[in-house]
Participant: 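Before I ask anything, here is the structure I am working with.
The figures that follow rest on heavy atoms only: side chains count, while hydrogens, waters and symmetry mates do not.
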Amino acid sequence: MSFKKLKEKVLSGSLDISSKHNGNPAHNDLIRAVGKRHKVGFFESINKLLIRSSVEKEETCNVLWEYNLISFKDRETGDEYTCNYIGSLNDLYKKLNIK
């Protein structure tokens, strides 16, 4: 249920998702797996793939979050939330008061 509420906040525009992919080859296998599961668009960049796929499936969002490949930014306050700063997605849900 919390992921659904997080997704609603992203789609409504109150939260932004950013890709933190920096070209680290250690993430190549993970990115390939995400690409197979979420069908990469012809002109879609890795960053766009990570952002889009993170709101399509909860499991993908969890993995990308845990690998610190995505972050969320509150448009109202300007606060940016990363795995290193917040911890787990459950901690993010608590911080954002999502139930």
Participant: Measuring from Asn47:CG to Arg52:CZ, what's the distance to the nearest 0.5 Å?
Facilitator: 13.0 Å
Participant: Can you name the residues that form a side-chain hydrogen bond (donor to acceptor under 3.5 Å, both in side chains) with Asp74, not counting sequence neighbours?
Facilitator: none
Participant: For Lys39, which residues count as a side chain to side chain contact (heavy atoms under 4.5 Å, CB included) partner, sequence neighbours excluded?
Facilitator: none
Participant: Any ring-ring contact (aromatic ring centres under 6.0 Å, His included) involving residues 2-35? Give me the pairs, sequence neighbours left out, ordered by first then second residue.
Facilitator: none
Participant: Where do Ser2 and Ile98 come nearest, in terms of heavy atoms and distance?
Facilitator: O-CG2, 3.5 Å
Participant: Looking only at atom types and distance, does a side-chain atom of Glu44 sit under 3.5 Å from a main-chain N or O of Gly41, one as donor and one as acceptor?
Facilitator: yes
Participant: Please set out all donor-acceptor pairs under 3.5 angstrom arising from side-chain atoms of residues 83-91, sequence neighbours excluded.
Facilitator:
residue: Ser88; atom: OG; partner: Asn90; partner atom: N; Å: 3.3
residue: Ser88; atom: OG; partner: Asp91; partner atom: N; Å: 3.2
residue: Ser88; atom: OG; partner: Asp91; partner atom: OD2; Å: 3.4
residue: Asp91; atom: OD2; partner: Ser88; partner atom: N; Å: 3.2

Participant: List the steps and the verdict of side chain to side chain contact (heavy atoms under 4.5 Å, CB included) for Tyr81 and Lys95.
Facilitator: CA-CA 9 Å; Tyr81 307 109; Lys95 180 78 172 170; 3.9 Å; yes
Participant: State which residues pass side-chain hydrogen bond (donor to acceptor under 3.5 Å, both in side chains) with Asp29; sequence neighbours excluded, sorted by chain then number.
Facilitator: Arg32
Participant: Can you tell me how far CG of Leu69 sits from CD1 of Ile31, rounded to the nearest 0.5 angstrom?
Facilitator: 6.0 Å
Participant: Which residues pass the side chain to side chain contact (heavy atoms under 4.5 Å, CB included) test with Ser14, not counting sequence neighbours?
Facilitator: Lys9, Ser12
Participant: Test of understanding: with salt bridge (charged side-chain N to carboxylate O under 4.0 Å, His left out), list the residues that count as partners of Glu66, not counting sequence neighbours.
Facilitator: none
Participant: Of all the heavy-atom pairs spanning Ile51 and Ser18, show the shortest one and how long it is.
Facilitator: CG1-C, 4.2 Å
Participant: Scan for salt bridge (Lys or Arg N to Asp or Glu O under 4.0 Å) pairs involving residues 12-22, sequence neighbours excluded, and state none if there are none.
Facilitator: Asp16-Arg75
Participant: Report the distance from atom NZ of Lys48 to atom CD1 of Ile46, rounding to the nearest 0.5 Å.
Facilitator: 13.5 Å
Participant: Among all residues two or more places apart in sequence or in another chain, which pass the salt bridge (charged side-chain N to carboxylate O under 4.0 Å, His left out) test with Glu80?
Facilitator: none
Participant: Which atoms form the tightest heavy-atom contact between Cys61 and Ser54, and what is the distance?
Facilitator: CB-O, 3.1 Å
Participant: Suppose we screen for salt bridge (charged side-chain N to carboxylate O under 4.0 Å, His left out). Which residues come up paired with Glu59, at least two apart in sequence or across chains?
Facilitator: Arg37
Participant: Tell me, which pairs form a ring-ring contact (aromatic ring centres under 6.0 Å, His included) where one or both residues lie in residues 36-70, sequence neighbours left out?
Facilitator: Trp65-Phe72
Participant: Supply the atom-to-atom distance Thr60 OG1 to Leu30 CG, rounded to the nearest 0.5 angstrom.
Facilitator: 9.0 Å
Participant: Looking at residues at least two apart in the chain, or sitting in another chain, which of them share a side-chain hydrogen bond (donor to acceptor under 3.5 Å, both in side chains) with Asn24?
Facilitator: none
Participant: With side chain to side chain contact (heavy atoms under 4.5 Å, CB included) as the test, would you mind laying out the steps for Leu64 and Ser53 before giving the verdict?
Facilitator: CA-CA 9 Å; Leu64 294 174; Ser53 62; 3.8 Å; yes
Participant: Below 4.5 Å, heavy atoms only, C-beta onward: do Leu96 and Leu15 meet side chain to side chain?
Facilitator: yes
